[in-house]
Amino acid sequence: MNIFLVPYTWHRHLALAWVCAGAALLAWWLVLGVAVVAPFWTVEWDGPVYLGAVGAAVAGTSVLAEQSLSRKALWRRVLFPVLAALLSLGSIVGSFWMWTRVIGPHLFSLDGASDLADSTLVSLRYRLPAWMGAGAGMAFGPTLVRKGRGILSHGAAGVGSGITGGCVWYLFGYTKSALGYSDLYVASAFGAMAMGLSFGLLAWGIPDALYAGWLRIVTDNRHARRIPIDGLDGRARERFVGHFPVGLDLFLPAEDGVLELHVSVMVNAKQQYRARGLTLAPTTVRRFLEKVDLRYDARRPAPLETELSSGDRILCGPPDDPSVVEFLMLPKEER
């Protein structure tokens, strides 16, 4: 994944989910191709091979995306995804056999459940715990590689994605309801894709730390001129906008109603952005369904300020013809 191809919109929360879903679907296709052409496993291994391949592909892809987006060294981009995939593969296979050989027969011994390892047994009552174990194993590798960061969220995402995948698999393949599709190949494909999609959506998201705030002039005078608010160092700083000839970060001419020191935008160590009005002249922040007046009030001990979000516009000068500065979030590597 490339951070330049993931804009700072709500769609960025879905980017990793679709990548993981694609990896799961590719793993399903490879397992199916080997099973049709030259399978090297017996029938009772169908379950662990299918779930293991899908879970390992999703786990490795999640870690690979993190390493690629953060521009880590090449050896980390290779070693860490492979390590996560192998750890998840072993965990999934172990959990599958633990359920089918130890826990499952003990729990369902009174119900006449014979052999849970039988590949013809497709009841969701007996197979859903296997999917849950696969989801938990899928989260195991990335959790260890990420040194335990987000262990609770990873665990919940893994179990939840396993439940989601199992339910979708059963709905499309084996249920007798009107919603059922009753196609075993489609069921295994959609079950794998649902598990990868939900894990990529819930386990790890693209962090805001990979983006930085910028100011861009929207009006005709100096149109598209832009400056960064913070840089790669991540330190707190403040940028000033006005027409003072020396020392300002973003210059706008006085003919457009911009004062010497009109407005500033600052960022703190927690990467929270705020705009401050520094003059009595009209200064307004506009966003969807909201307008904030930042004109300096001499009766207050400090200037008025408001938190900024990507896409907010700061209007400086007369309301009928203001100079407009837009706040944007762009990748930190942007130049």
Side-chain angles (χ1 to χ4, degrees), residues 1-18 65-66 69-70 150 153 200-202 204-219 222-242 248-252 256 258-259 261-279 281-297 300 302-317 319 322-335:
M1 294 183 68
N2 191 331
I3 191 62
F4 289 104
L5 302 179
V6 186
Y8 192 84
T9 63
W10 67 270
H11 297 88
R12 74 185 188 280
H13 301 298
L14 302 177
L16 187 61
W18 288 118
E66 178 189 13
L69 289 171
S70 302
S153 60
L201 185 64
L202 300 174
W204 184 86
I206 300 177
D208 290 346
L210 297 180
Y211 297 89
W214 288 68
L215 288 178
R216 180 175 72 99
I217 301 176
V218 179
T219 44
R222 309 200 76 199
H223 177 71
R225 166 67 178 173
R226 65 185 187 182
I227 61 168
I229 299 172
D230 54 351
L232 295 175
D233 54 8
R235 295 188 304 173
R237 62 184 61 194
E238 187 172 10
R239 299 293 193 182
F240 296 91
V241 180
L248 290 187
D249 301 294
L250 186 60
F251 175 84
L252 289 171
D256 294 338
V258 180
L259 273 292
L261 196 61
H262 202 112
V263 69
S264 70
V265 176
M266 56 186 175
V267 59
N268 58 21
K270 296 181 180 179
Q271 206 181 18
Q272 297 171 332
Y273 296 89
R274 289 182 172 86
R276 298 199 308 173
L278 304 176
T279 178
T283 307
T284 305
V285 174
R286 284 188 179 179
R287 57 177 67 102
F288 182 65
L289 298 179
E290 188 177 2
K291 182 172 66 174
V292 182
D293 188 356
L294 290 183
R295 284 181 294 184
Y296 181 74
D297 188 351
R300 295 176 57 89
L304 292 172
E305 63 180 46
T306 183
E307 190 167 348
L308 291 176
S309 300
S310 185
D312 290 352
R313 292 193 169 187
I314 306 173
L315 282 63
C316 305
S323 296
V324 182
V325 178
E326 186 177 27
F327 173 74
L328 296 172
M329 293 291 289
L330 298 174
K332 278 195 172 182
E333 300 175 9
E334 184 74 34
R335 294 290 184 266

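Across all non-hydrogen atoms, the minimal contact from Gly242 to Val258 is CA-CG1, 3.7 Å. The two residues Leu69 and Ile3 make their nearest non-hydrogen contact at CD2-N, 3.7 Å. Shown here for Gly213 and Tyr273, the closest heavy-atom pair between the two residues is N-OH, 2.9 Å. Nearest heavy-atom pair, Leu16 versus Trp204, reported as atom, atom and distance to 0.1 Å: CD2-O, 3.0 Å. Between Pro319 and Pro282, the closest heavy-atom pair is CD-CG, 4.3 Å.
Rounding to the nearest 0.5 angstrom, the gap separating the CG atom in Asp293 from the CG atom in Leu315 is 11.0 Å. Leu294 CG to Ser264 OG: the interatomic distance, rounded to the nearest 0.5 Å, is 9.5 Å. Separating the CE atom in Met329 from the CD1 atom in Ile229 is a distance of 8.5 Å, to the nearest 0.5 Å. Note that OG1 of Thr219 is 6.5 Å distant from CG of Asp256, once rounded to the nearest 0.5 Å. Separating the CG atom in Asp312 from the OG1 atom in Thr306 is a distance of 7.5 Å, to the nearest 0.5 Å. Of the inter-residue distances, the one linking Tyr8 atom OH with Leu210 atom CG reads 11.0 Å to the nearest 0.5 angstrom.
Because its NZ or CZ atom is not both nearer than 6.0 Å to the ring centre of Tyr296 and within 45° of the ring axis, Arg300 does not count as a cation-pi partner of that residue.
Inter-residue side-chain proximity for Leu252 and His262 is flagged as unmet; no heavy-atom pair is nearer than 4.5 Å. Between Tyr211 and Arg12 the shortest side-chain heavy-atom distance falls below 4.5 Å. Using a 4.5 Å heavy-atom threshold, the side chains of Leu250 and Ile217 count as touching. Within the 4.5 Å cutoff, no side-chain heavy atoms of Val265 are placed close to those of Trp214. For the pair Arg313 and Phe327, the minimum side-chain heavy-atom distance is 4.5 Å or more. Within the 4.5 Å cutoff, the side chain of Asp249 has no heavy atoms near those of the Val241 side chain. Looking at Arg274 and Val267, their side chains never come closer than 4.5 Å, going by heavy atoms from C-beta outward. Side chains of Ile227 and Arg225 form a contact here, defined as non-hydrogen atoms less than 4.5 Å apart.
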Residue pair Leu261, Thr279: steps toward the side chain to side chain contact (heavy atoms under 4.5 Å, CB included) verdict: CA-CA 7 Å; Leu261 196 61; Thr279 178; over 6 Å; no

Stepwise salt bridge (charged side-chain N to carboxylate O under 4.0 Å, His left out) test for Arg237 and Asp230: CA-CA 7 Å; Arg237 62 184 61 194; Asp230 54 351; over 6 Å; no

Verdict with supporting geometry, Arg226 and Glu326, side chain to side chain contact (heavy atoms under 4.5 Å, CB included): CA-CA 9 Å; Arg226 65 185 187 182; Glu326 186 177 27; over 6 Å; no

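Surrounding CZ of Arg286 are at most 12 heavy atoms belonging to other residues, nucleotides or ligands under 6.0 Å away.
Looking at Thr283, its side chain does come within 3.5 Å of a backbone N or O of Ala281 through a donor-acceptor pair. In this structure, Glu307 contributes its side chain and Gln272 its backbone to no donor-acceptor pair below 3.5 Å.
Scanning for side chain to side chain donor-acceptor pair (under 3.5 Å) contacts around Ser323 gives an empty result, with sequence neighbours left out.
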